[in-house]
Amino acid sequence: MRINRASIKAVRYACKNFHYAKCVPSVQYSYNVFNDNDEWCDVIVYSQGANNNIAKPFKLGQGEVLELVRVALNGKQEITSKALALTLKQLHKDNHIIKIVVSYADGDQNHNGIIYQATNWMYLGKHNENTVGAYIINGKKTHPKSCNSKGWKQNIKWIKKYIGPNATEFIIEGKHKYIFCFEKN
(Lines give C-alpha, C1' and ligand atoms only; values in the text may rest on other atoms or scores of the structure.)
Protein backbone atom coordinates (compact mmCIF):
# COMPACT_ATOMS: atom_id res chain seq x y z
CA MET A 1 0.00 0.00 0.00
CA ARG A 2 1.23 3.49 -0.78
CA ILE A 3 -0.04 7.06 -0.50
CA ASN A 4 0.67 10.40 -2.11
CA ARG A 5 -0.84 13.89 -2.09
CA ALA A 6 -4.29 14.06 -3.67
CA SER A 7 -5.60 16.77 -5.96
CA ILE A 8 -8.84 18.61 -5.20
CA LYS A 9 -10.31 16.84 -8.25
CA ALA A 10 -9.56 13.44 -6.65
CA VAL A 11 -11.02 14.63 -3.32
CA ARG A 12 -14.22 15.83 -5.00
CA TYR A 13 -14.69 12.57 -6.85
CA ALA A 14 -14.03 10.34 -3.83
CA CYS A 15 -16.21 12.37 -1.44
CA LYS A 16 -19.14 12.51 -3.84
CA ASN A 17 -18.92 8.84 -4.80
CA PHE A 18 -17.60 6.93 -1.80
CA HIS A 19 -18.55 8.82 1.38
CA TYR A 20 -22.03 8.70 2.91
CA ALA A 21 -22.18 12.51 3.34
CA LYS A 22 -21.83 13.02 -0.45
CA CYS A 23 -20.30 16.47 0.10
CA VAL A 24 -16.78 17.87 -0.12
CA PRO A 25 -15.34 19.35 3.09
CA SER A 26 -12.71 22.05 3.29
CA VAL A 27 -9.33 20.52 2.50
CA GLN A 28 -5.95 21.30 4.00
CA TYR A 29 -4.14 17.98 3.50
CA SER A 30 -5.42 15.14 1.33
CA TYR A 31 -3.84 11.84 0.40
CA ASN A 32 -4.52 9.29 -2.33
CA VAL A 33 -4.45 5.67 -1.20
CA PHE A 34 -3.23 2.94 -3.57
CA ASN A 35 -3.37 -0.79 -2.88
CA ASP A 36 -0.56 -3.26 -3.57
CA ASN A 37 -1.86 -3.72 -7.15
CA ASP A 38 -1.41 0.06 -7.59
CA GLU A 39 -5.18 0.58 -7.90
CA TRP A 40 -6.46 3.92 -6.65
CA CYS A 41 -8.54 3.39 -3.52
CA ASP A 42 -9.56 7.05 -3.17
CA VAL A 43 -8.67 9.57 -0.46
CA ILE A 44 -8.23 10.51 3.19
CA VAL A 45 -8.67 14.22 3.99
CA TYR A 46 -7.62 16.48 6.90
CA SER A 47 -8.52 20.12 7.54
CA GLN A 48 -9.24 22.73 10.20
CA GLY A 49 -12.75 21.26 10.36
CA ALA A 50 -16.00 23.07 10.99
CA ASN A 51 -15.20 24.03 14.57
CA ASN A 52 -13.19 27.27 14.87
CA ASN A 53 -12.35 26.35 18.47
CA ILE A 54 -11.07 22.84 17.73
CA ALA A 55 -7.73 23.51 19.51
CA LYS A 56 -9.19 25.24 22.57
CA PRO A 57 -9.98 22.14 24.71
CA PHE A 58 -6.35 21.06 24.34
CA LYS A 59 -4.92 24.51 25.18
CA LEU A 60 -3.25 24.60 21.77
CA GLY A 61 -3.17 27.21 19.04
CA GLN A 62 -4.91 27.32 15.69
CA GLY A 63 -2.99 25.10 13.26
CA GLU A 64 -1.74 22.76 15.98
CA VAL A 65 -4.93 20.69 15.79
CA LEU A 66 -6.52 19.31 12.63
CA GLU A 67 -9.61 17.23 12.02
CA LEU A 68 -9.76 14.05 9.98
CA VAL A 69 -12.76 15.10 7.87
CA ARG A 70 -13.09 12.27 5.32
CA VAL A 71 -12.11 8.68 4.86
CA ALA A 72 -13.58 8.28 1.38
CA LEU A 73 -12.38 4.90 0.17
CA ASN A 74 -13.88 2.60 -2.46
CA GLY A 75 -13.14 -0.70 -0.66
CA LYS A 76 -10.21 -1.78 -2.84
CA GLN A 77 -7.68 -1.09 -0.06
CA GLU A 78 -6.44 -4.06 1.92
CA ILE A 79 -6.66 -2.54 5.41
CA THR A 80 -8.34 0.79 6.13
CA SER A 81 -6.49 1.28 9.42
CA LYS A 82 -3.16 0.84 7.60
CA ALA A 83 -4.16 3.49 5.06
CA LEU A 84 -5.09 5.83 7.91
CA ALA A 85 -1.80 5.14 9.73
CA LEU A 86 0.21 5.90 6.58
CA THR A 87 -1.58 9.22 6.06
CA LEU A 88 -1.07 10.21 9.72
CA LYS A 89 2.66 9.52 9.39
CA GLN A 90 2.84 11.58 6.18
CA LEU A 91 0.72 14.38 7.70
CA HIS A 92 3.23 14.72 10.55
CA LYS A 93 6.11 14.83 8.03
CA ASP A 94 4.26 17.47 6.00
CA ASN A 95 3.61 19.69 9.03
CA HIS A 96 5.50 19.21 12.32
CA ILE A 97 3.41 21.92 14.00
CA ILE A 98 0.36 19.62 14.17
CA LYS A 99 0.17 18.04 17.60
CA ILE A 100 -3.32 16.48 17.60
CA VAL A 101 -5.79 15.17 15.03
CA VAL A 102 -9.45 15.00 16.07
CA SER A 103 -12.05 12.79 14.45
CA TYR A 104 -15.62 11.72 14.99
CA ALA A 105 -17.34 8.39 14.36
CA ASP A 106 -20.96 9.09 13.44
CA GLY A 107 -23.37 7.10 15.60
CA ASP A 108 -26.21 7.81 13.17
CA GLN A 109 -24.23 5.88 10.54
CA ASN A 110 -23.61 3.01 13.00
CA HIS A 111 -19.93 3.98 13.14
CA ASN A 112 -18.17 3.51 16.45
CA GLY A 113 -14.55 4.22 15.57
CA ILE A 114 -13.03 0.81 14.88
CA ILE A 115 -10.36 2.33 12.58
CA TYR A 116 -9.40 4.79 15.34
CA GLN A 117 -9.20 2.00 17.91
CA ALA A 118 -7.04 -0.02 15.51
CA THR A 119 -4.61 2.90 15.09
CA ASN A 120 -4.35 3.77 18.82
CA TRP A 121 -6.44 6.94 18.99
CA MET A 122 -7.71 8.05 22.40
CA TYR A 123 -11.46 7.93 22.96
CA LEU A 124 -12.94 11.09 24.52
CA GLY A 125 -16.59 9.99 24.71
CA LYS A 126 -19.74 10.94 22.86
CA HIS A 127 -20.16 14.44 21.48
CA ASN A 128 -23.49 16.26 20.80
CA GLU A 129 -25.58 13.32 22.00
CA ASN A 130 -29.37 13.78 21.59
CA THR A 131 -29.13 17.24 20.01
CA VAL A 132 -30.63 18.71 16.86
CA GLY A 133 -28.27 17.56 14.13
CA ALA A 134 -30.42 18.60 11.20
CA TYR A 135 -33.85 19.68 10.11
CA ILE A 136 -36.07 17.69 7.78
CA ILE A 137 -37.42 20.36 5.41
CA ASN A 138 -39.70 19.32 2.56
CA GLY A 139 -38.48 15.73 3.01
CA LYS A 140 -34.80 16.67 2.79
CA LYS A 141 -32.31 16.51 5.65
CA THR A 142 -30.64 19.92 6.04
CA HIS A 143 -27.71 20.59 8.37
CA PRO A 144 -28.07 23.61 10.70
CA LYS A 145 -24.98 25.24 9.14
CA SER A 146 -26.64 24.96 5.71
CA CYS A 147 -29.67 26.74 7.15
CA ASN A 148 -27.39 29.46 8.51
CA SER A 149 -25.61 29.89 5.16
CA LYS A 150 -29.02 30.44 3.51
CA GLY A 151 -29.83 33.17 6.03
CA TRP A 152 -32.33 30.99 7.90
CA LYS A 153 -32.55 30.88 11.66
CA GLN A 154 -31.58 27.60 13.29
CA ASN A 155 -34.91 27.39 15.04
CA ILE A 156 -37.72 24.93 14.24
CA LYS A 157 -40.48 27.50 14.86
CA TRP A 158 -38.88 29.97 12.44
CA ILE A 159 -38.25 27.24 9.84
CA LYS A 160 -41.86 26.02 10.05
CA LYS A 161 -43.21 29.56 9.72
CA TYR A 162 -41.02 30.75 6.83
CA ILE A 163 -39.65 27.70 5.03
CA GLY A 164 -41.72 24.55 5.44
CA PRO A 165 -44.73 24.08 7.74
CA ASN A 166 -44.09 20.33 8.03
CA ALA A 167 -40.41 20.69 8.97
CA THR A 168 -39.16 18.60 11.87
CA GLU A 169 -36.01 18.38 13.94
CA PHE A 170 -33.67 15.46 13.37
CA ILE A 171 -32.20 14.41 16.73
CA ILE A 172 -28.80 12.78 16.38
CA GLU A 173 -27.44 9.90 18.41
CA GLY A 174 -24.15 11.74 18.72
CA LYS A 175 -20.63 11.21 17.52
CA HIS A 176 -17.83 9.32 19.20
CA LYS A 177 -14.89 11.70 19.58
CA TYR A 178 -11.32 10.45 19.16
CA ILE A 179 -7.92 12.15 19.15
CA PHE A 180 -4.57 11.07 17.79
CA CYS A 181 -1.58 12.68 19.51
CA PHE A 182 1.76 13.03 17.76
CA GLU A 183 3.52 13.84 21.05
CA LYS A 184 3.34 11.70 24.17
CA ASN A 185 2.75 14.64 26.53
Side-chain angles (χ1 to χ4, degrees), residues 1-35 38-58 60-124 127-128 133-134 141 143-146 149 172 175-182:
M1 183 178 294
R2 72 178 176 86
I3 62 163
N4 65 19
R5 291 296 290 265
S7 68
I8 192 63
K9 184 178 178 182
V11 170
R12 280 192 195 111
Y13 180 84
C15 290
K16 297 225 180 231
N17 289 283
F18 300 110
H19 194 270
Y20 67 88
K22 303 292 182 207
C23 65
V24 181
S26 65
V27 177
Q28 192 163 357
Y29 295 92
S30 56
Y31 301 97
N32 290 305
V33 176
F34 296 89
N35 66 20
D38 215 33
E39 291 177 282
W40 184 58
C41 302
D42 295 309
V43 301
I44 295 178
V45 182
Y46 300 87
S47 81
Q48 293 292 336
N51 180 355
N52 292 333
N53 297 312
I54 193 168
K56 204 174 208 178
F58 310 107
L60 293 172
Q62 195 72 354
E64 292 180 299
V65 179
L66 286 183
E67 182 178 339
L68 169 61
V69 291
R70 288 291 181 276
V71 176
L73 300 172
N74 61 16
K76 293 181 181 179
Q77 75 285 352
E78 293 86 14
I79 304 168
T80 303
S81 58
K82 182 178 179 182
L84 177 58
L86 288 171
T87 64
L88 284 165
K89 187 175 182 179
Q90 187 61 47
L91 176 67
H92 193 56
K93 283 181 185 176
D94 290 344
N95 187 339
H96 290 293
I97 294 171
I98 300 164
K99 293 183 173 41
I100 293 175
V101 176
V102 176
S103 195
Y104 301 92
D106 192 343
D108 290 321
Q109 296 295 320
N110 295 319
H111 296 170
N112 57 19
I114 291 170
I115 62 170
Y116 309 126
Q117 295 165 23
T119 49
N120 296 317
W121 292 53
M122 289 193 302
Y123 181 63
L124 299 183
H127 177 73
N128 287 342
K141 193 174 176 183
H143 192 278
K145 288 190 179 191
S146 295
S149 70
I172 60 172
K175 295 183 179 188
H176 301 279
K177 186 175 183 179
Y178 289 87
I179 61 170
F180 183 88
C181 302
F182 288 109

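Source: prediction; values computed, not measured.
- Here the straight-line distance linking atom CZ of R2 with atom CG of L86 works out to 11.5 Å at 0.5 Å rounding.
- Atom CG in L84 sits 9.5 Å away from atom CG in L73 (nearest 0.5 Å).
- In this structure, R70 contributes its side chain and C23 its backbone to a donor-acceptor pair below 3.5 Å.
- Looking only at distances, a side-chain donor or acceptor of D42 sits under 3.5 Å from a matching main-chain atom of N74.
- Applying the side-chain hydrogen bond (donor to acceptor under 3.5 Å, both in side chains) rule to S103 yields the partners Y116; only residues at least two apart in sequence or on another chain are considered.
- With hydrogens and angles ignored, the 3.5 Å screen pairs no side-chain donor or acceptor of Q90 with any backbone N or O of L88.
- Partners of S26 according to the side-chain hydrogen bond (donor to acceptor under 3.5 Å, both in side chains) rule, which considers only residues two or more places apart in sequence or in another chain, are S47.
- Partners of H143 under the ring pair (Phe, Tyr, Trp, His ring centres under 6.0 Å) rule, at least two apart in sequence or in another chain, do not exist in this structure.
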Tell me, with the steps shown, if D94 and Y31 meet side-chain hydrogen bond (donor to acceptor under 3.5 Å, both in side chains).
CA-CA 11 Å; D94 290 344; Y31 301 97; 2.6 Å; yes

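- In this structure, R12 has no salt bridge (charged side-chain N to carboxylate O under 4.0 Å, His left out) partners at least two apart in sequence or on a different chain.
- The two residues I115 and T119 make their nearest non-hydrogen contact at O-OG1, 2.7 Å.
- A134 meets the side chain to side chain contact (heavy atoms under 4.5 Å, CB included) test with K141, F170; sequence neighbours excluded.
- The 12-atom threshold is exceeded at NZ of K22, counting heavy atoms of other residues, nucleotides or ligands nearer than 6.0 Å.
- Under the rule for a side chain to side chain contact (heavy atoms under 4.5 Å, CB included), the partners of N35 that lie at least two apart in sequence or sit in another chain are N37, E39, C41, K76, E78.
- Residues satisfying the side-chain hydrogen bond (donor to acceptor under 3.5 Å, both in side chains) test with N4, not counting sequence neighbours, are N32.
- Two residues are said to be in side-chain contact when any heavy atoms from C-beta on lie closer than 4.5 Å; L91 and F180 fail this criterion.
- Taking every heavy atom of both residues into account, V43 and W40 meet most closely at CG1-CZ2, 4.0 Å.
- With sequence neighbours left out, H176 forms a side chain to side chain contact (heavy atoms under 4.5 Å, CB included) with A105, N112, Y123, K126, Y178.
- Residue-environment remark: CD1 (I114) stays at or below the threshold of 12 foreign heavy atoms within 6.0 Å.
- Remark: Q117 CD to M122 CE distance equals 14.0 Å, nearest 0.5 Å.
- For Y29, there are no ring pair (Phe, Tyr, Trp, His ring centres under 6.0 Å) partners at least two apart in sequence or on another chain.
- Side-chain contact between F182 and V101: present, with at least one pair of heavy atoms (C-beta onward) separated by less than 4.5 Å.
- Considering all non-hydrogen atoms of both residues, G63 and I98 come closest at O-CG1, 3.8 Å.
- In this structure, the side-chain hydrogen bond (donor to acceptor under 3.5 Å, both in side chains) partners of Q28, at least two apart in sequence or on a different chain, are Q48.
- With sequence neighbours left out, I100 forms a side chain to side chain contact (heavy atoms under 4.5 Å, CB included) with F58, L60, V65, V102, I179, C181.
- Scanning all heavy atoms of the two residues, the minimum distance from H96 to H92 falls at ND1-O, 3.3 Å.
- The CG atom of N51 sits 8.0 Å away from the CD atom of E67 when rounded to the nearest 0.5 Å.
- With sequence neighbours excluded, the residues that form a salt bridge (charged side-chain N to carboxylate O under 4.0 Å, His left out) with K99 are E64.
- Of all non-hydrogen atoms in G61 and A55, the two that sit nearest each other are O-CB, 3.5 Å.
- If you run side-chain contact (heavy atoms from CB on, under 4.5 Å) between I44 and each of V33, V11, V69, I3, only V33 comes through.
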